[in-house]
Amino acid sequence: MSALIDPEQLAHESDLVWLEDIGGLDYVRQSLDRLPTRRGKPAYHRDGRMVGYALLGPEARSSRASGTFLRRVFWLLPHDRDGRPSGLYSSGAPSEAVDPRTIAPRVKGYKTQRSEGGPESEAMRELGITLPLH
C-alpha cells in the first residue's frame, strides 16, 4: 500500500519504466514487491495488468533472509477507473493509488484531486500543471 511505503525504501531507485502511456490514467496502484533482481521487467502475478516498475541502482542490497530486492510495481485491476469509468472508482481511488504524474524515482507520489475523480486543483493550475480532463 502506498500509504505504508517508507521513502527510505525507495532510496536506491534509479529509474522507472512505464509499460504504457500514463497520460490518460488518473491513478495507478503501487506496491513494494520482493523481486529476485534489481533490474528488468518483473513477473506479474495479480489480476489486471502491470503498468510500470522501478529499477534499482547497483548499490541496492538484497535481503539477507530472502535474497530478494524491494522494488515498486505499478498496476491496475480490471475494475479500476480506466477500465470501468462509471464503476466502483468513478470517484475516489483505492488506498494504494497515486497520481502517476506525481511519481518519480525515489518519490512515492501522492493522491491529487484528479486521482480522486475530480479536476486538477487550483494549486496545480497556478503551477502551470495542466492535465487532460475526461
Original post:
Checking Arg71 side chain against Ala54 main chain: does a donor-acceptor pair fall under 3.5 Å?
Top reply: yes

Original post:
Is it the case that one hydrophobic cluster holds both Val73 and Tyr110, taking links as side-chain heavy atoms less than 4.5 Å apart, direct or via other members?
Top reply: no

Original post:
For residues Arg46 and Ser31, is any side-chain donor paired with an opposing acceptor at under 3.5 Å?
Top reply: yes

Subject >> Between Ser14 and Arg38: side-chain donor-acceptor atoms closer than 3.5 Å >> reply: no

Original post:
Heavy-atom distance under 4.5 Å between the side chains of Asp47 and Pro78, does that happen here?
Top reply: yes

Subject >> Test: Arg49 and Glu20 ion pair at under 4.0 Å >> reply: yes

Original post:
How long is the span from the CG atom in Leu25 to the CG atom in Leu76, to the nearest 0.5 Å?
Top reply: 6.0 Å

Subject >> Flag side-chain contact, heavy atom, 4.5 Å: Ile5 against Arg72 >> reply: yes

Subject >> Cationic N near anionic O, under 4.0 Å, Asp80 to Arg29 >> reply: yes

**OP:** Please confirm whether the backbone N or O of Leu35 pairs with a side-chain atom of Asp33, one donor and one acceptor, at under 3.5 Å?
**Re:** no

Original post:
With the 4.5 Å side-chain cut-off for hydrophobic clustering, are Val17 and Val51 part of the same group?
Top reply: no

Original post:
Any donor and acceptor pair, going by atom type alone, linking the side chain of Arg106 with main-chain N or O of Leu10 inside 3.5 Å?
Top reply: no

Original post:
Can you tell if the side chain of Glu96 reaches within under 4.5 Å of the side chain of Gln30, non-hydrogen atoms only?
Top reply: no

Subject >> Min side-chain heavy-atom separation Lys41-Met50 under 4.5 Å >> reply: yes

Original post:
Counting N and O atoms only, with roles assigned by atom type, does the side chain of Lys108 sit under 3.5 Å from a partner on the main chain of Val98, one being a donor and the other an acceptor?
Top reply: no

Original post:
Under 6.0 Å from the CD atom of Glu8, do we count more than 12 heavy atoms belonging to anything else shown?
Top reply: no

**OP:** Indicate, with yes or no, if Phe74 and Val107 share a hydrophobic cluster defined by side-chain heavy-atom contacts under 4.5 Å among Ile, Leu, Val, Met, Phe, Trp and Tyr.
**Re:** no

Original post:
Aromatic ring centroids of Tyr53 and Trp18 under 6.0 Å?
Top reply: no

Original post:
Should Val28 and Leu19 be counted in the same cluster of Ile, Leu, Val, Met, Phe, Trp and Tyr side chains packed under 4.5 Å apart?
Top reply: no

Original post:
Out of curiosity, does Leu55 fall in the hydrophobic cluster containing Leu16 (side-chain heavy atoms, cut-off under 4.5 Å, transitive links)?
Top reply: no

Original post:
What distance separates Ser66 OG from Phe69 CZ, expressed to the nearest 0.5 Å?
Top reply: 9.5 Å

